[in-house]
Number of protein chains: 2
Amino acid sequence: MFSMSLPTLADVARAVGVSRTTVSNAYNRPDQLSKQLRDRILAAAEDLGYPGPDPVARGLRRGRTGVVGLVYDEPLSYMFTDPAAVLFVTGLATVFDDAGTSLALLPRLRVDDPDAGVLAEAAVDGLVSFCEASDDERIAAFVARRLPFVTVDGGSTRAACRVGIDDRGGTRAATRHLITLGHRRLAVAAFPRHHHEGRPGRPERGALRPARLGGIRDAVEDAGLPWDSVVVESADEEGTRREAGRRVGGRILDRSPRPTAVVAMSDELAAGVIDAARDRAISVPDELSVVGFDDTPTAASTAPALTTVHQPLVAKGETAARLLLDGAPDAVVELPVELVVRESTAPPP
Amino acid sequence: MFSMSLPTLADVARAVGVSRTTVSNAYNRPDQLSKQLRDRILAAAEDLGYPGPDPVARGLRRGRTGVVGLVYDEPLSYMFTDPAAVLFVTGLATVFDDAGTSLALLPRLRVDDPDAGVLAEAAVDGLVSFCEASDDERIAAFVARRLPFVTVDGGSTRAACRVGIDDRGGTRAATRHLITLGHRRLAVAAFPRHHHEGRPGRPERGALRPARLGGIRDAVEDAGLPWDSVVVESADEEGTRREAGRRVGGRILDRSPRPTAVVAMSDELAAGVIDAARDRAISVPDELSVVGFDDTPTAASTAPALTTVHQPLVAKGETAARLLLDGAPDAVVELPVELVVRESTAPPP
DNA sequence: TTGTATGCGTTATCAA
DNA sequence: TTGATAACGCATACAA
């Protein structure tokens with residue numbers, strides 16, 4: 001015969017003629033019973049095909065699952081397509097892996113799921129929010145559960161526990177670098193704007209990463225240049241980020257007068273801008289300077305190699321993971337960034 | 001006052017003056033009660049700060065969690081370091097994301113955890129095993145739970161449900177390509193061997209991906225060449241795979257007579273071999289031909305671009321995910337591979 | 001449309 | 001060293 005359902009701890013107890021408690025102890029507290037009895041129990045379990053205590057039932061009873069969640073507000077495929085995100089997740093995964101904790105990639109937060117059912121229903125002990133949207137209303141669905149949670153790069157979030165970087169200082173340094181080289185016709189290759197389709201009380205579209213834009217503005221105004229002389233083009237969301245960068249790059253380079261320098265909000269976008277320049281036989285850096293952000297491997301592999309703002313992506317992931325594991329209730333960590341000058345910037349022609 | 005523990009469904013029921021069933025229905029079967037009552041219940045819940053049904057308790061009752069696990073037998077950081085693995089996971093994640101299922105990256109299967117406690121204790125509805133080790137003994141800990149599971153690239157596994165590629169055909173085609181070009185002094189840049197430290201009844205170290213080695217041998221013997229004329233060097237496991245490739249490449253290129261062609265078991269290794277050639281001012285492909293395996297973005301970005309064996313990595317992930325979601329009990333899928341000739345191969349000098 | 005009773009599989013507490 | 005009891009929080013069959 002073939003029993004449809006698996007044997008439970010109670011079945012084993014019955015078979016051996018002991019209580020459930022004792023069987024439970026055989027698994028969880030070997031020191032609480034004689035070695036012989038334990039061996040007998042384990043043998044019987046093996047015999048019956050008992051696979052050990054059920055993780056879900058154990059989770060219910062113990063009040064913890066050993067899983068932390070990661071939410072992202074773009075399709076997960078984007079996450080793996082973006083080298084910066086991959087590095088961040090690597091940092092997260094490393095720490096959780098060592099801690100014996102599982103990292104659950106939750107289904108994405110959908111624009112059409114304002115109540116964030118996903119977050120209300122995730123069986124996790126804590127949450128890392130890696131959402132670029134600046135609103136954290138949807139996160140409220142999780143906060144209500146009173147579980148630890150960390151926001152990463154949360155922008156304007158008011159979350160108590162967060163880790164981020166000095167976005168503003170980063171783009172400011174990058175832009176100052178260009179201005180110091182003599183550039184006056186600047187352009188920005190910006191992230192796509194974010195959708196809030198139909199959500200009342202919010203702007204229809206908000207700028208993504210306003211701090212990065214703010215840093216550029218800081219540097220421009222510090223130099224006494226008019227902000228409205230700076231061309232800002234936002235990327236779209238088709239295909240890879242690099243392809244999107246190529247398209248924004250095209251729009252920027254086809255303007256006249258043509259900007260002599262582009263500040264891109266990520267290395268992928270910057271690489272795309274360089275692609276667009278190559279399409280047009282515009283030499284980088286002789287005719288066009290380009291700076292990126294992130295300092296992912298992409299930055300070192302473009303031709304010419306990218307001047308960019310380095311951010312400690314893996315460390316950011318590790319930090320977020322530790323804050324969660326340590327249960328730091330309201331730590332706010334800002335990691336430093338650093339301008340790395342390579343070959344994609346030079347004085348204007 | 002501050003209640004230490006969250007309100008439960010029962011608290012809401014009491015507050016509203018209805019039964020728990022009715023509150024449960026308010027969440028799970030809106031059509032089973034009047035809209036007014038439902039609204040009253042939801043309002044009271046909001047009021048009390050009830051975050052909705054507890055996911056773990058629900059999981060216990062329903063018998064499913066909405067989570068599938070992914071096991072890997074290397075540190076998770078390796079997974080994200082390897083472009084081929086990232087593409088595979090992208091495929092997985094895309095399908096699960098769309099299905100509203102979470103993908104839990106389980107802590108790695110440790111060599112020193114022969115009972116695979118990780119697998120026995122994971123609160124999941126199914127499992128994807130992405131373990132390169134050819135033994136599946138540790139997986140037995142999971143099989144006992146009678147949950148769906150899929151093995152990917154499982155090598156010699158006897159698992160009922162698996163997806164893989166034509167490893168053997170792939171390296172065979174690649175090797176034949178080299179032999180047809182006229183190469184006779186071949187070398188193989190192989191994967192590291194795998195550890196079975198101290199596990200009784202197993203070889204101390206087993207070759208990883210024996211099928212790929214087998215395909216090379218096939219082609220060599222088909223051509224009537226002696227197999228022992230082929231140099232086989234295994235990579236070590238320090239640093240990135242590409243760095244390891246550079247070291248194996250060095251060992252191969254420093255032999256005399258120097259091989260004129262290298263079959264690498266992955267694009268990362270191949271890229272490393274090209275790095276090693278550059279270190280020694282050996283021209284690829286004029287003095288040395290190199291072929292890879294996988295056809296990741298790396299293959300297109302080396303200089304010269306890699307001749308390699310394309311495998312559908314994303315599709316492999318998608319397939320594995322679908323098999324799991326569809327509960328296919330014992331499907332065996334083998335995806336095709338294809339030789340892609342680029343610029344890293346040419347006739348020998 | 002609503003409520004009653006029961007069980008999901010485990011572990012913590014306490015007593016023996 | 002072992003066992004009885006009582007949660008853990010919920011969802012389902014069934015009755016009303």
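- Distances shown here put every side-chain N or O of A:Asn25 at or beyond 4.0 Å from the OP1 or OP2 atom of D:dT2.
- Residues B:Tyr27 and B:Tyr50 place their aromatic rings such that the two centres sit under 6.0 Å apart.
- For C:dT10, one of the phosphate oxygens OP1 or OP2 lies less than 4.0 angstrom from a side-chain nitrogen or oxygen of A:Tyr50.
- Using modelled atom types and a 3.5 Å distance limit, the side chains of A:Ser24 and A:Thr21 yield no donor-acceptor pair.
- Across the protein-nucleic acid pair, A:Leu9 atom CG and D:dG3 atom P stand 12 Å apart, rounded to whole Å.
- Distances from the side chain of B:Ser24 to the nucleotides D:dG3, C:dT11, D:dA11 place D:dA11 closest.
- With rounding to whole Å, A:Glu121 atom CD is found 13 Å from D:dC10 atom C1'.
- If you check every strand for non-hydrogen atoms under 4.0 Å, B:Val18 touches sugar and phosphate atoms only.
- Side-chain nitrogen and oxygen atoms of B:Ser19 include at least one within less than 4.0 Å of the OP1 or OP2 phosphate oxygen of C:dG3.
- Regarding B:Tyr27, its OH atom lies at a distance of 13 Å from the C1' atom of D:dC10, rounded to whole Å.
- Residues B:Leu33 and A:Arg29 both approach DNA chain C. Their nearest nucleotides, taken by heavy-atom distance, put B:Leu33 toward the 5′ side.
- Sorted by first and then second residue, the side chain to side chain donor-acceptor pair (under 3.5 Å) pairs with a member in residues 86-96 of chain B form an empty list; sequence neighbours excluded.
- In the interface, the side chain of A:Arg64 is not paired with the base of C:dT11 through any donor and acceptor atom under 3.5 Å apart.
- The two residues A:Ala144 and B:Leu6 have their closest heavy-atom pair at O-CD2, 4.0 Å.
- Side-chain atoms of A:Thr22 and base atoms of D:dT1 include no donor and acceptor less than 3.5 Å apart.
- Look at CZ on B:Arg58: it is 22 Å from P on C:dG7, rounded to the nearest Å.
- Note: CG (B:Asn28) to P (D:dA13) measures 13 Å, nearest angstrom.
- Sequence order on DNA chain C of the closest nucleotides to A:Arg61 and B:Leu37 puts B:Leu37 first from the 5' end.
- To the nearest angstrom, P of D:dA11 lies 9 Å from CG of B:Asp54.
- Comment: B:Asp98 engages A:Arg108 in a salt bridge, judged by a side-chain N to carboxylate O separation of less than 4.0 angstrom.
- With rounding to whole Å, A:Leu60 atom CG is found 14 Å from C:dC8 atom P.
- Considering only side-chain atoms of A:Thr21, the nucleotide from D:dG9, C:dT10, D:dA4 that sits closest is D:dA4.
- D:dG9 atom P lies 16 Å from atom CZ of A:Arg62, rounded to whole Å.
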